[in-house]
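Presented below is the structure to which this report refers.
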Amino acid sequence: MSMTYNAFDTARAQFDKIAEILDLDQASRDLLREPLREFHFSIPVRMDDGNVQIFKGFRVQHNDALGPAKGGIRFHPQETIDTVKALAMWMTWKCSVVDIPLGGAEGGIICDPHNLSQREQERLCRGWVRQMARNIGPLLDIPAPDVMTTGQHMLWMLDEYETIYGGRYPGAITGKPVGIGGSLGREEATGYGLMFTIREALRELGIRIEDTKASVQGFGNVAQYAIELYTQLGGKIVLVSCWDQESGESRAYRKADGIDFNELKGITDSFGGINRKKAITLGYEDMPGEKWIEQDVEILVPAALENSITINNVASISENVKLIAEGANGPTTPDADKIIKEKAIFMIPDFLANAGGVICSYFEQVQSNTNYYWSKEEVLSKLDARMTDAFISVSNMAKKQNIYARDAAYILAIDRVSRACSSRGWT
Ligand code: NAD
């Protein structure tokens, strides 16, 4: 996470601003601007060559007033405790804004899995669990995959947890493979969830989806499922962009009368990279990736990476853009966000727009705890209901108080958590 800024400072600054608006008492501010619990530990791992290497592990439980904490575990060589603390805090707000009974956590191990064999990775996962077993679990804190961790890692972690406790506790960890405790619909969840919020926002703006065009940054997991559903509902995607491994730059592919989703998907690799030569052969206009933001469309969907709408390109957003839906985490810098707010473009903020993933993880946990699994249709229809309700709560708050949707989402999320803390008698 080569960040030029400290993510935890950013997360705290956002919180402080909303604490001021909500006029929170000092104890609530002191409690919520820091994690409740923070674990730092060393994990000795016997490497394949016989030597022991010591890895640094973390877990941060920011707040669990609304329910057991939930959050990812990432493997990264530049992992820092401040990144983990920020992600844990954002997770608290994300669960709260979509009204699921979970708190926020995040964890990690400083390591580069590319340099570790499968057996070394397995021992590392088991070592992390041995350090944390007393402080995680289905009723305490439920880990999930994140950057560079997979369903396989989660399964090794679960197996170690179950070995220690001598039973089966499938609800102790989510992101498990389907068939061994995973949930159907997880793959679609974030992209579909994003689309459900777009559908609701258009309804509110009085715009028919069939009359809209959209431009999307990214063509990975989130973007693809959002596009699939959007085109099924009658919308037209005029441009998608992606990272082009061969040229080492981002490229955009445009078709003014609408892209053919299945055709493009057919020439895309598993990392969301579209084959440039084939796209050109199929008649797509090939242009620099930055062009995604300049399109004459009603909807912009940044669904690739952070800091992609900045003070340097925000002015090139077309007058016709009515809606921005943040599929990615943190795609808009604060200075650009201020301008979008002034332009009165409807903003669906990241921690609401991309919450489909965590909602589905919650569903996985519920299914695992009851050891009864739902059909994909059931998962996706429950996801639709949750996302729609969350969107309506945020937009009602924004209308009632005449504020920007991002601020409304934060106010709603932080208010819910601080009320839970005070109802419990913590503050
Ligand atoms: P992914 O790896 O499947 O896809 C990423 C896409 O972005 C690829 O198409 C890639 O080519 C493209 N990309 C990379 N750099 C680019 C650039 N400079 N310009 C244009 N395109 C570029 O990732 P994903 O799972 O779809 O996640 C996308 C974003 O959504 C991330 O910010 C992630 O944190 C966030 N998110 C994902 C989930 C989830 O469930 N997958 C949940 C919440 C948030």
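Each ligand, and each atom within it, is numbered from 1 in the order the structure gives. Throughout, residue positions are numbered sequentially from 1 according to the sequence presented.
- Sorted by chain and number, the residues within 4.0 Å of ligand 1 by heavy atom are Arg186, Thr190, Gln217, Gly218, Phe219, Gly220, Asn221, Val222, Ser241, Cys242, Trp243, Ser250, Phe271, Gly272, Ala303, Ala304, Leu305, Gly327, Ala328, Asn329, Asn354.
- Remark: Glu20 engages Arg29 in a salt bridge, criterion side-chain N to carboxylate O under 4.0 Å.
- A salt bridge links Glu326 to Arg406: one of the charged nitrogens lies within less than 4.0 Å of a carboxylate oxygen.
- The side-chain heavy atoms of His40 and Ile81, taken from C-beta on, include a pair separated by under 4.5 Å.
- Taking the six-membered ring for Trp and the full ring otherwise, the centers of Phe351 and Tyr410 sit less than 6.0 Å from each other.
- Among residues at least two apart or in separate chains, ring-ring contact (aromatic ring centres under 6.0 Å, His included) pairs with a member in residues 180-204 are Tyr192-Tyr225.
- Only one option out of Arg37, Lys70, Arg74, Lys85 pairs with Glu106 in a salt bridge (Lys or Arg N to Asp or Glu O under 4.0 Å); it is Arg74.
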